[in-house]
Amino acid sequence: MPPATADETSKAPRFLAAGDTAVVVEFGTVVDRAINRRVTSLGRALRAAEMAGIVDLVPTFRSLMVHYDPTVVRRAAIEDKVNALLPDLSDEATGGRLWRVPTLYGGEYGPDLADVAERTGMTPEKVVEIHSGGTYECYMMGFMPGLGYLGILPDELALPRRTEPRVRVPGGSVSIATNLTNIYTKESPGGWHLLGRTPIELFDLRRDEPILLNAGDSVQFYEIDEATYREMRARADEGDPVIEPQEIDQAGDGA
Amino acid sequence: MSGLRVVAAGFAPTIQDLGRPHVQHLGVPPSGALDPVALAIANAMVGNPPGAAALELRVMGPTLEVEADSARVALVGTVAALEVQGERGGPVDSNRSVRFGRGTKFRIGGLSDTGVAYLAVEGGIDVPEIYGSRATYTRSQIGGIEGRAVKDGDLLPLAQDSVGERSEMKCPSLDWARVSGPIRVVLGPQDDFFSDDSIAGLFAETYTCTREADRMGIRLDGPALTHVKGHDIVSDGIVTGAIQVPGNGMPILLLADHQTTGGYPKVGTVISADVPRLGRLRPGDEICFEQVSVEDAQAARAELEAARAKVIDRFERAGAWLDEAALYRENLVSGVVGPMD
């Protein structure tokens with residue numbers, strides 16, 4: 001990913017039409033922490049404003065998609081509202097929750113750990129140490145329900161996607177690609193490198209809040225052994241979320 | 001439990017309502033009816049609010065049996081009839097409501113005139129709500145019955161065991177579903193990723209719907225669009241109706257089950273007034289596009305809402321579902337009451 005220029009992080013956003021039911025507020029065209037924080041900050045501010053006719057606010061790495069009902073609100077009114085909120089947007093990480101995600105690294109649970117170690121010139125232990133040593137921000141949700149794109153991964157671990165994507169990646173897989181890490185919520189095809197697996201369910205329809213993560217949250221991974229994995233997995237099988245988030249609220253409203 | 005028993009499912013129908021567009025920020029696709037106008041009309045015919053959960057039919061309808069004291073249904077959006085089985089059976093026109101008693105078995109055949117039609121039931125299909133919607137999203141097993149398409153042997157649960165007698169309703173014309181003319185498109189959000197010639201071509205040429213079509217999208221065949229800034233973007237949001245163009249230059253129309261975000265540039269977006277038309281498309285159908293402004297799109301949407309309300313206002317009373325000719329034939333055969341008495 002090319003680094004963002006100072007110009008890209010400071011300039012006013014572009015408003016792009018996505019038909020008559022959504023407008024894209026684009027802050028940049030690259031993956032960049034400061035740009036993403038402005039996106040998250042705008043998403044929270046607009047959500048807190050409870051503007052009639054707004055159907056949903058979808059933050060991505062570098063833009064906010066505002067879904068609206070054109071029979072209730074006009075795009076011009078949304079642009080006015082966004083423009084009014086711009087001066088107060090933050091480049092800092094505020095609000096959100098911190099999730100500590102237990103992970104069993106390597107072996108059959110993380111079949112790419114040895115390969116990642118070899119390709120990055122490190123021992124598998126060092127890869128685990130670096131991956132579990134970081135605090136990652138959830139830039140955006142997407143690809144499948146409950147899946148968050150987490151970053152930024154330290155440069156030592158940045159690898160392109162696998163040249164041959166797997167047809168079946170198990171649910172719970174903790175993986176990396178480019179400068180991001182994620183957790184596959186359900187089994188799916190996928191091209192990321194699998195370092196380990198978490199026993200928790202990030203998406204479980206039996207819960208009142210089926211999906212745990214949200215954009216703007218933070219995630220840390222910590223290593224567990226196989227016995228702990230099995231014990232936590234048994235609880236997850238019963239519908240227990242197993243982990244609880246820690247509020248890291250400063251100024252945000254946690255929306 | 002009261003319900004409609006699925007004797008034969010047909011072509012994998014799904015339970016749909018107006019979807020869950022408010023949780024796309026969690027990565028959950030909106031889902032819901034491909035043709036929300038037909039869904040609303042079907043629901044109105046059986047006295048439901050516009051977004052009650054109904055059965056969305058594609059290609060080939062199911063055979064169902066009433067396992068309730070009575071049920072009122074309406075098949076809307078197609079000319080295909082609803083065929084009541086058995087000795088006293090016969091065809092019931094679509095686009096009207098009909099009340100059936102326990103044990104009535106009826107079949108809906110092939111949909112020859114549309115990609116999608118709806119079978120609404122008075123009171124709605126009573127499956128649990130997920131994020132406020134009963135819509136089925138099969139890829140992640142959300143909504144409907146166990147998150148999957150309806151299959152043989154299922155019971156479509158009904159909230160009520162019987163429905164009152166009242167005049168049945170019919171819709172005098174299907175004109176609302178037979179809109180012709182180009183599909184209207186607002187350029188963007190990534191029209192700057194395509195050559196001017198490509199964009200001119202998009203609005204001048206004809207595209208054909210391929211067989212690669214499902215509730216997520218329809219792959220089109222026609223002149224390829226040329227990317228001028230590569231075919232990868234850093235993922236951004238996706239809206240229903242987006243025209244996404246991957247590396248091969250062939251546009252894909254994204255429908256209700258689209259992913260919430262994606263990394264291919266989107267040259268344009270079908271306006272919300274024309275999104276229901278996309279749901280009705282079938283493989284082999286040819287379509288053209290016309291460029292309009294956001295203001296035009298908003299006006300078109302207001303017109304569509306007004307037209308929908310007018311259709312519902314102008315429902316007519318429908319007679320008994322058995323047509324007279326069939327009654328005469330039956331009576332003549334049985335000789336109980338002759339029509340010439």
Side-chain angles (χ1 to χ4, degrees), chain A residues 1-2 14-26 28-32 35 39 43 47 54-71 74-76 139-149 185-186 188 203 205 209-216 255, chain B residues 20-30 128 130-131 137 139-143 146-147 184-192 229 233-243 259-263 266 268-275 292-302 304-305:
Chain A
M1 302 288 173
R14 294 205 296 164
F15 293 95
L16 306 174
D20 59 325
T21 63
V23 56
V24 180
V25 187
E26 187 182 80
T29 55
V30 295
V31 178
D32 173 81
I35 289 174
V39 170
R47 196 168 284 273
I54 295 206
V55 173
D56 200 8
L57 297 156
V58 179
T60 68
F61 294 113
R62 44 46 170 256
S63 64
L64 182 74
M65 180 171 261
V66 182
H67 293 269
Y68 64 94
D69 179 343
T71 66
R74 296 278 149 150
R75 179 180 147 181
Y139 285 143
M140 60 176 277
M141 307 292 288
F143 184 63
M144 61 169 65
L147 183 143
Y149 290 87
T185 49
K186 299 286 174 193
S188 91
F203 173 44
L205 289 171
E209 291 291 337
I211 287 169
L212 298 185
L213 270 183
N214 201 344
Chain B
R20 43 185 83 79
H22 56 290
V23 282
Q24 295 181 73
H25 66 281
L26 297 176
V28 182
I130 304 288
Y131 285 118
Y137 175 59
R139 272 188 179 74
S140 292
Q141 294 89 50
I142 298 175
E146 297 167 358
R184 292 163 290 180
V185 168
V186 173
L187 268 189
Q190 281 95 30
D191 47 307
D192 57 338
K229 292 202 274 183
I233 58 168
V234 172
S235 284
D236 76 343
I238 293 177
V239 65
T240 302
I243 306 174
Q259 290 179 332
T260 54
T261 59
K266 295 159 288 286
T269 311
V270 175
I271 68 171
S272 63
D274 282 348
V275 162
V292 298
S293 67
V294 172
E295 291 71 29
D296 295 338
Q298 284 175 339
R301 175 65 183 273
L304 176 75
E305 298 297 331

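Order of the sequence lines sets the chain letters (A, B, ...), proteins ahead of strands, with each chain counted from 1.
- Separating the CD atom in B/Glu295 from the CZ atom in A/Arg75 is a distance of 8.0 Å, to the nearest 0.5 Å.
- A/Phe61 meets the ring-ring contact (aromatic ring centres under 6.0 Å, His included) test with A/Tyr139, A/Tyr149; sequence neighbours excluded.
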Can you check side chain to side chain contact (heavy atoms under 4.5 Å, CB included) on A/Val58 and B/Thr261, steps first, answer last? CA-CA 9 Å; A/Val58 179; B/Thr261 59; 4.1 Å; yes

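- The part of A/Phe203 that comes within reach of chain B is its side chain, from C-beta onward, which places non-hydrogen atoms under 4.5 angstrom from that chain.
- In this structure, chain B has heavy atoms under 4.5 Å from both the backbone and the side chain of A/Met141.
- Interface summary for chain A: among B/Val239, B/Val28, B/Val294, the most heavy-atom pairs under 4.5 angstrom belong to B/Val239.
- At a 4.5 Å heavy-atom cutoff, the contact between B/Pro29 and chain A is made by side-chain atoms alone.
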Begin with the C-alpha distance, continue with both residues' side-chain angles, and end with the deciding distance and a verdict on side chain to side chain contact (heavy atoms under 4.5 Å, CB included) for A/Thr29 and B/Val234. CA-CA 6 Å; A/Thr29 55; B/Val234 172; 6.0 Å; no

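- Separating the CD atom in B/Gln298 from the OG1 atom in A/Thr21 is a distance of 10.0 Å, to the nearest 0.5 Å.
- Here CG of A/Leu212 is found 10.5 Å from CG of B/Leu26. Values are rounded to the nearest 0.5 Å.
- Heavy-atom distances place both the backbone and the side chain of B/Ile271 under 4.5 Å from chain A.
- No side-chain heavy atom of A/His67 sits less than 4.5 Å from a side-chain heavy atom of B/Thr260.
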Does the pair A/Asp56 and B/His25 meet the rule for a side chain to side chain contact (heavy atoms under 4.5 Å, CB included), with working shown? CA-CA 7 Å; A/Asp56 200 8; B/His25 66 281; 2.8 Å; yes

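- At a 4.5 Å heavy-atom cutoff, the contact between A/Val55 and chain B is made by backbone and side-chain atoms alike.
- Only the backbone of A/Leu213 has a heavy atom closer than 4.5 Å to any heavy atom of chain B.
- Note that the CG atom of B/Asp236 and the CZ atom of A/Arg62 stand 4.5 Å from one another [nearest 0.5 Å].
- Of all the listed residues (A/Met140, A/Lys186, A/Glu209), the one sharing the greatest number of non-hydrogen pairs under 4.5 Å with chain B is A/Met140.
- In this structure, the portion of B/Gln141 lying under 4.5 Å from any heavy atom of chain A is its backbone and not its side chain.
- Residue B/Gln24 touches chain A through both its backbone and its side chain, counting heavy-atom pairs closer than 4.5 Å.
- Of the listed residues (A/Pro210, A/Pro145, A/Gly148), the greatest number of heavy-atom pairs within a distance under 4.5 Å of chain B belongs to A/Pro145.
- Heavy atoms closer than 4.5 Å to chain A are found in the backbone of B/Ile238, but not in its side chain.
- Inter-residue side-chain proximity for A/Asp20 and B/Val186 is flagged as unmet; no heavy-atom pair is nearer than 4.5 Å.
- Heavy atoms closer than 4.5 Å to chain A are found nowhere in B/Asp274, neither backbone nor side chain.
- Note that CD1 of B/Ile233 and CD of A/Glu26 are 8.0 Å apart. Values are rounded to the nearest 0.5 Å.
- Counting heavy-atom pairs under 4.5 Å between each of B/Pro189, B/Ser293, B/Ala297, B/Gly237 and chain A puts B/Pro189 at the top.
- Of the two parts of B/Val292, neither the backbone nor the side chain holds a non-hydrogen atom closer than 4.5 Å to a non-hydrogen atom of chain A.
- Heavy-atom distances place both the backbone and the side chain of A/Ile211 under 4.5 Å from chain B.
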